[in-house]
Every structure is written in structure tokens, then in C-alpha cells.
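Accompanying notes for the structure given below.
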Amino acid sequence: MELLENPVRPYAWGSRTVIADLLGESVPSPHPQAELWLGAHPGDPSRIVRADGDRASLLDELTADPERLLGAERSARWEGRLPFLLKVLAADEPLSLQAHPSLDQAREGFARENAAGIPIDASDRNYRDANHKPELICALTEFHALVGFRDPMETLGFLRALDVPELAPHVELLAAQPGPDGLRALFTTWITLPQSMLDELVPALQKGAVVLVAAGGDWAREARTALELSERYPGDAGVLAALLLNRVVLAPGEALFLPAGNLHAYLAGAGIELMANSDNVLRGGLTPKHVDVPELLRVLDFASGPPPVHSGQPEGRWTRYDTPAEEFLLRTWQSDDGLTGSLPVPDGGARILLATGGKACVRAGSEALELPKGAALFLAATDSGVEVESAAPGTQLHLAGDGL
């Protein structure tokens, strides 16, 4: 067991309270703090904190001794790399409209951009590694998101309720093909509109959204979201594209799995994000960053319907969030009254244990380490029989590992 020191990503959409409070720092923070990264991604790896205070890159440690840290079988399966990346995500403003590639798409895109001589850190780079990025978001607070394409018939109801004459031809385009092909046609039309047309359509949409919000009713929340996005990103094609997506609100402890090709945008809230160890993002709008429409269209999945919300399944005293992804598995445990007896930590490969509330004492044999709120431990494959032997009231733990 070794304590981890984890980097914070200061993106503009981040919170100035959530991560600072988690880490016991001054609140508000001087700058927005968007993501706390826990893992061994080459872009920003965690550091192991030795007992003598020395630090070592977790990525370097894994590279030097993958069989000990991952286990021989997992080291072979994951080619000596930690297969997952754990994050605490804290959004005060919407993230970009985005999707992630499949494994084959990531490998091809990474090789293609390497062959073209595009630097890894270039602002117009799409593929920063050769891995896919399926992900799970598990809410710590009420969490708002746009996730996946809404059923086209429901979307037609929303668009007709908005009653924007300038959008009428676009509504009829979807009505003529209310399925994946119609969604692709309408999304492609909107995302490729010239700026002159966007400068007419988005203000017209705003007017319709104002009326629908004032009227209340079934589509008021979606109309309010469209209005807020259009005010933040005037003239952005992503404002129109967002009209096609499911508007989802997660309660704390609820989760969503996002496979390759799922178009989404996180709007507000804090959550635990667990994903394959990748930083590949293809953006479609609602951002000043690089947008590559042809590449986005190449990876998007236009299947529609409400995304399944997961509440987890009991596994002993833990709650387990299963997904189709082999690279990661999230478990959580929490207690309002503190820990009665010890809590075994499941064995299996390399794991990261994060405290998001309270304080715990974790023991492996004769070694015991305190785990206050915001602290994290790296557990190697050789760290078996680990137990949480005590925990204060309000303690919340998140355990990330692989799904093998």
C-alpha cells in the first residue's frame, strides 16, 4: 500500500469549491479545478509518496516492474500498463459536446496522426494515444448531463413544442426519417451549417426556448438547457445538436456508462469518473477547443433511446458498478454511522482506493495507513488481504480496479 499524490487539471469549466474542499485546501480555490487525475496516464501520472517523503511517478514504477504491480496475468493482458484512469470531475459550467472512439478507431487515428507528423500536444490533435475511452460517471452530487440521442419521435415532440419557424424544414427532415438515418442527416446538417445561418437559427431558437420555459410543461427543462447553452455559446452549432440528446439528472450514487460513439456533454455537478486509460476526445461544439466534424461523424453512434441509469449491485458490503468494459470496475462503500467490524477490500490486480468523505484506517498485514478525505492509496496486485479496519461517520470510499 502506498499513498498517492494526484494532479489537478484546471480547466475553465471546473469548480472552485469541490476539489479544493475534497483536498482540504482553501475554498474557493484561486482558479477553477475541473479534474483530479488518479492513475498512470502519460499526460499526468500520479506520484507515489514514500514513507521517507520521496516521490516517484506511478507510471515509471509500473514501467519498471509491471508484473509485481499488476500481476503476471494482468501485466500480459494490459501490456504492462494500468488499464484504467480514475478521476474526480467537478463541473460548474458545461463541458464540450463530445464522443470517444472505439479501440480500432483510436489505433487507426493515432497511427494516422503520427504519420502526418502532428505533435502529441498539438491543439489540433484528435488522438493523443492508441486506446479507446469507454467511461462510467458516478454522481457525488446531483449531476446534470446530455447523454446519447433521444428517441426521434420524442425529439420531434420537443422541436414542435419549441415552435421555431426557422427550424421547420429541419424538423421535417427528421420527421421524414424518424430513426438513426434521420438523426444522422439532421445532426450532420446542423453541425455543418455556415456561420451566417447559425447566426440566424440560434437566436430564433432562443426566442422559442424563452416562451417554452415561461409556459412550463413537459419540455421546460430541455428548453431551459437550450437557452443556457445558447447564451454561453452564441452562434455555436453544438447548441442545435444538443436539442437531439437525452437530458439526464443523476442523484448521488447513480451512474451512467458511456460506450464508444456516445455523444454527450456534462452540464453541472461532481462525480467519480472511471474510464479506460485514454485521453482521446472528439468534440462537436460548445467549446473554443479544436472541433473536427468529419472525424466526429466517423465515430458517432446514432442509436437512440434513454440511457440506462445504474444504481450498482451489492457485493458483500460494497456496491459494484458493472459495465461491458474489461479495463475498469468501480466499487463504493459508505457509512453514516462509521464502520462496525472490518471491511475487506476485494483483491485482484492493481487498485486505487480513494476517500471522498470522512476518514478511514486501512491495514495490510502489520502495515496501517490513515486515509483522510481526499487521500488515495495505490494497492498493487501483491497487496492482498487489505482491510479497512476503522472508519469515521460519513466515510465514503471509491475503489477502482480492472473488470477481469
Side-chain angles (χ1 to χ4, degrees), residues 41 43 85 94-137 145-152 155 170 173-174 176-195 197-198 233 236-246 256-266 275-305 307 323-325 327:
H41 190 278
L85 177 61
L95 282 67
S96 61
L97 193 66
Q98 61 186 258
H100 309 299
S102 69
L103 185 57
D104 287 344
Q105 290 165 343
R107 287 172 173 169
E108 187 278 328
F110 185 68
R112 172 166 31 95
E113 293 188 340
N114 283 348
I118 304 173
I120 289 291
D121 59 353
S123 62
D124 60 346
R125 177 109 189 187
N126 291 316
Y127 298 95
R128 302 190 186 280
D129 52 66
N131 203 9
H132 63 164
K133 193 187 174 188
E135 63 188 39
L136 179 82
I137 182 73
L146 297 169
V147 180
F149 288 98
R150 190 190 300 108
D151 182 277
T155 293
H170 305 274
L173 177 63
L174 181 60
Q177 285 185 297
D181 290 342
L183 286 170
R184 176 182 287 276
L186 182 54
F187 178 84
T188 303
T189 297
W190 278 350
I191 208 73
T192 58
L193 283 174
Q195 192 61 51
M197 291 190 67
L198 289 172
Y233 300 101
D236 192 311
V239 175
L240 296 176
L243 300 175
L244 304 176
L245 304 184
N246 295 289
L256 289 168
F257 173 70
L258 284 72
N262 182 289
L263 187 65
H264 59 279
Y266 298 149
M275 64 198 67
N277 194 0
S278 172
D279 196 28
N280 286 325
V281 180
L282 295 162
R283 300 178 181 87
L286 309 181
T287 178
K289 294 182 179 180
H290 175 60
V291 173
D292 187 333
V293 171
E295 194 67 16
L296 177 67
L297 289 170
R298 195 173 74 87
V299 307
L300 277 186
D301 182 355
F302 287 92
S304 62
T323 76
E327 288 87 352

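Phe187 and Phe149 have perpendicular rings, their planes meeting at more than 60° on a 0 to 90° scale where under 30° would count as parallel.
The two residues Asp301 and Ala260 make their nearest non-hydrogen contact at CB-O, 4.4 Å. Residue Leu97 comes nearest to Ala241 through the heavy atom pair CD2-CB, 3.7 Å, listed as atom of the first residue, atom of the second, then distance. Between Ile191 and Gly284 the shortest heavy-atom distance is CD1-O, 3.0 Å.
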_Asp236 vs Leu198, test: side-chain contact (heavy atoms from CB on, under 4.5 Å). Steps then yes/no._
CA-CA 7 Å; Asp236 192 311; Leu198 289 172; over 6 Å; no

- Message: Under the criterion side-chain contact (heavy atoms from CB on, under 4.5 Å), I'd like the reasoning laid out for Thr189 against Leu173: C-alpha separation, chi angles, the key distance, then a yes or no.
- Response: CA-CA 10 Å; Thr189 297; Leu173 177 63; 3.8 Å; yes

Exercise for the section: Go through Lys133 and Val281 one step at a time and tell me if the side-chain contact (heavy atoms from CB on, under 4.5 Å) criterion holds. Expected result: CA-CA 8 Å; Lys133 193 187 174 188; Val281 180; 3.8 Å; yes

**Request:** Go through the steps to decide whether Arg125 and Asn114 satisfy the test side-chain contact (heavy atoms from CB on, under 4.5 Å), and finish with yes or no.
**Result:** CA-CA 10 Å; Arg125 177 109 189 187; Asn114 283 348; 2.7 Å; yes

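Checked by atom type and distance alone, the side chain of Asn277 never pairs as donor or acceptor with a backbone atom of Leu85 at under 3.5 Å. Put simply, the side chain of Arg128 gets close to the backbone of Ile120: a donor and an acceptor are under 3.5 Å apart. Between the Asp279 side chain and the Gly43 main chain, no donor and acceptor come within less than 3.5 Å of each other. Remark: the backbone N or O of Leu286 is paired with a side-chain donor or acceptor of Tyr233 at under 3.5 angstrom. For Thr323 (side chain) and Ala325 (main-chain N/O), a donor-acceptor pair under 3.5 Å exists by modelled atom type. Using modelled atom types, no side-chain atom of His264 and backbone atom of Gly148 make a donor-acceptor pair closer than 3.5 Å.
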Taking distance alone, no hydrogens or angles, what donor-acceptor pairs closer than 3.5 Å link side-chain atoms of residues 288-295 to residues at least two apart or in another chain?
residue: His290; atom: NE2; partner: Asp124; partner atom: O; Å: 3.4
residue: Asp292; atom: OD1; partner: Glu295; partner atom: N; Å: 3.1
residue: Asp292; atom: OD2; partner: Asn126; partner atom: ND2; Å: 2.9
residue: Glu295; atom: OE2; partner: Arg112; partner atom: NH2; Å: 3.1
residue: Glu295; atom: OE2; partner: Tyr127; partner atom: OH; Å: 2.6
residue: Glu295; atom: OE2; partner: Arg298; partner atom: NE; Å: 3.1
residue: Glu295; atom: OE2; partner: Arg298; partner atom: NH2; Å: 2.8

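The NE2 atom of His170 lies 8.0 Å from the CG atom of Leu240; values are rounded to the nearest 0.5 Å. From Leu183, atom CG reaches atom CZ of Phe302 across 7.5 Å, with rounding to the nearest 0.5 Å. Atom CG in Asn246 sits 9.0 Å away from atom CG in Asp151 (nearest 0.5 Å). Atom CZ in Arg150 sits 4.0 Å away from atom OG1 in Thr155 (nearest 0.5 Å). Atom CE of Met275 sits about 11.5 Å away from atom CG of Asn280, to the nearest 0.5 Å. Here CD of Gln98 is found 9.0 Å from CG of Leu263. Values are rounded to the nearest 0.5 Å.
Counting only N and O atoms by type, the side chains of Gln105 and His132 include no donor and acceptor under 3.5 Å apart. Checked by atom type, the side-chain pair Ser278/Asp129 shows a donor-acceptor distance below 3.5 Å.
By the 4.5 Å heavy-atom criterion applied to side chains, Tyr266 and Pro94 are not counted as neighbours. Between Pro152 and Ser304, some side-chain heavy-atom pair lies under the 4.5 Å cut-off. Looking at Val147 and Asn262, their side chains come closer than 4.5 Å, going by heavy atoms from C-beta outward.
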